[in-house]
Number of protein chains: 2
Amino acid sequence: MSRTPPHPTRDQIELPLVLDCLSDPIRLAIVYQLAQQEPVSSELCCGDFNGLAGKSNLTYHFAKLRDCGLMQTRVSGTNRFMRLRRDDLEARFPGLLDAVLKSAAKDADRLQLASGCDVVEAG
Amino acid sequence: MSRTPPHPTRDQIELPLVLDCLSDPIRLAIVYQLAQQEPVSSELCCGDFNGLAGKSNLTYHFAKLRDCGLMQTRVSGTNRFMRLRRDDLEARFPGLLDAVLKSAAKDADRLQLASGCDVVEAG
DNA sequence: TCAATAGTTCAATAAACATTGAACATAGGA
DNA sequence: TCCTATGTTCAATGTTTATTGAACTATTGA
């Protein structure tokens with residue numbers, strides 16, 4: 001349970017898998033929250049997403065996000081830290097992640113996404 | 001069987017549905033082919049996609065693309081003409097469709113998408 | 001009127017998906 | 001050493017999805 005899980009290489013990132021990952025509201029919210037957090041810290045840990053779903057359900061969604069190449073997981077003690085693989089995404093599909101994030105931001109209310117203030121609260 | 005099927009209004013277009021639609025390789029190929037065709041004609045009919053799947057399967061995918069707001073269907077005789085709802089997509093999610101299409105173009109081989117030449121052959 | 005063409009509808013099927021809770025593993029602090 | 005916090009794994013469940021073929025509808029042209 002302690003080792004770093006496998007991640008696809010940059011070249012292994014596939015468009016349909018990425019789009020499928022982003023099409024789920026919970027996963028989109030995870031990605032959005034990570035993106036919002038970036039100015040503060042590029043990482044968040046699992047517990048920071050507890051509002052979005054139950055623990056084991058989050059583990060499932062994290063695995064999908066990792067498997068498609070959107071997120072990286074780093075293990076540290078009992079925590080797993082997540083960050084967006086921005087550079088790899090941008091290299092593979094220029095402009096895609098930004099376009100999705102901007103679209104999500106436009107519909108933040110409709111998608112029930114956390115606002116900046118919610119995200120940056122103390123941990 | 002002859003009337004124009006229902007389409008969502010611009011405002012009813014939802015990001016998760018759009019992304020989900022585009023995450024299927026067959027639907028992505030349909031959208032891509034429509035986009036490639038645009039300089040020649042903004043419309044294609046069902047039969048132009050026969051290479052991608054069986055007829056009833058295509059009907060299924062067309063319905064999904066229509067329901068999410070990506071495509072418009074126009075009925076004319078025994079034909080149904082499809083076109084991309086570019087303006088509506090651009091209004092709702094600026095830059096998104098272009099980013100996806102560019103990403104798809106980059107991976108055209110991997111995604112087995114028709115090249116420009118294939119698409120623009122005589123009909 | 002008849003046949004061919006274009007596409008839809010429906011039912012059946014198998015696979016994938018999201019969700020849940022219980023049991024488990026691991027690291028760190030009292 | 002034991003307790004707690006963090007997160008994973010596994011099995012079970014119900015839902016949605018993609019795909020197929022057969023039957024059907026509607027329009028066009030001979």
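Please read all numbers here as calculations on a predicted model, not as lab measurements. Order of the sequence lines fixes the chain letters, A, B, ..., with proteins taken first and strands second; residue numbering starts at 1 for each chain.
Atoms CZ (Phe49(A)) and P (dT8(D)) sit 12 Å apart, rounded to a whole Å. Atom-to-atom, CE of Met71(B) to P of dG7(C) comes out at 12 Å; the value is rounded to the nearest Å. Taking atom CG of residue Leu52(A) and atom P of nucleotide dG7(D), one finds them 14 Å apart after rounding to whole Å. Taking atom CG on Leu22(A) and atom P on dA18(C), their separation rounds to 13 Å, with Å as the unit. Rounding to whole angstrom units, NZ of residue Lys64(A) and P of dT9(D) are separated by 16 Å. Computed from coordinates, the Asp67(B) CG to dT17(D) P distance equals 11 Å when rounded to whole Å. Distance CG (Leu65(B)) to P (dT17(D)): 13 Å, rounded to an integer number of Å. The distance between atom CG of Asp20(A) and atom C1' of dA18(C), rounded to the nearest whole Å, is 12 Å.
Legend: residues meeting side chain to side chain donor-acceptor pair (under 3.5 Å) with Asp88(A), ordered by chain and number and at least two apart, are Arg10(A), Arg85(A). Tyr32(A) meets the ring pair (Phe, Tyr, Trp, His ring centres under 6.0 Å) test with no other residue; sequence neighbours excluded.
Contact annotation: the side chain of Gln112(A) never approaches that of Pro25(A) to less than 4.5 Å [non-hydrogen atoms, C-beta and beyond]. A heavy-atom distance below 4.5 Å is not found between the side chains of Phe81(A) and Thr73(A).
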Throw together a table of side-chain donor-acceptor distances under 3.5 angstrom for residues 51-58 of chain A, partners on residues two or more places apart or in other chains.
none

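In terms of phosphate contacts, Asn79(A) brings no side-chain nitrogen or oxygen within less than 4.0 Å of OP1 or OP2 of dA5(D). The shortest distance between the side-chain N/O atoms of Arg80(B) and the OP1/OP2 oxygens of dA6(C) is not below 4.0 Å. At the phosphate of dA18(D), OP1 or OP2 sits under 4.0 Å from a side-chain N or O atom of Arg27(B).
Picking from dT26(C), dT8(D), dA26(D) the nucleotide with the shortest atom distance to the side chain of Thr78(B) gives dA26(D). With dA18(D), dT6(D), dG7(C) as the choices, the nucleotide that has an atom nearest any side-chain atom of Lys55(B) turns out to be dG7(C).
Listed by first and then second residue, the salt bridge (Lys or Arg N to Asp or Glu O under 4.0 Å) pairs that reach into residues 94-103 of chain B are Arg86(B)-Asp98(B), sequence neighbours excluded. Among residue pairs with one or both ends in residues 17-30 of chain A, none qualify as salt bridge (Lys or Arg N to Asp or Glu O under 4.0 Å); sequence neighbours excluded.
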List, with names and distances, any nitrogen or oxygen atoms from the protein found under 3.5 Å away from nitrogen or oxygen atoms belonging to nucleotides 19-23 of chain C.
| residue | atom | partner | partner atom | Å |
| --- | --- | --- | --- | --- |
| dT19(C) | OP2 | Asn57(A) | OD1 | 3.2 |
| dT19(C) | OP2 | His61(A) | NE2 | 2.8 |
| dG21(C) | N7 | Ser56(A) | OG | 3.3 |
| dG21(C) | O6 | Ser56(A) | OG | 3.1 |

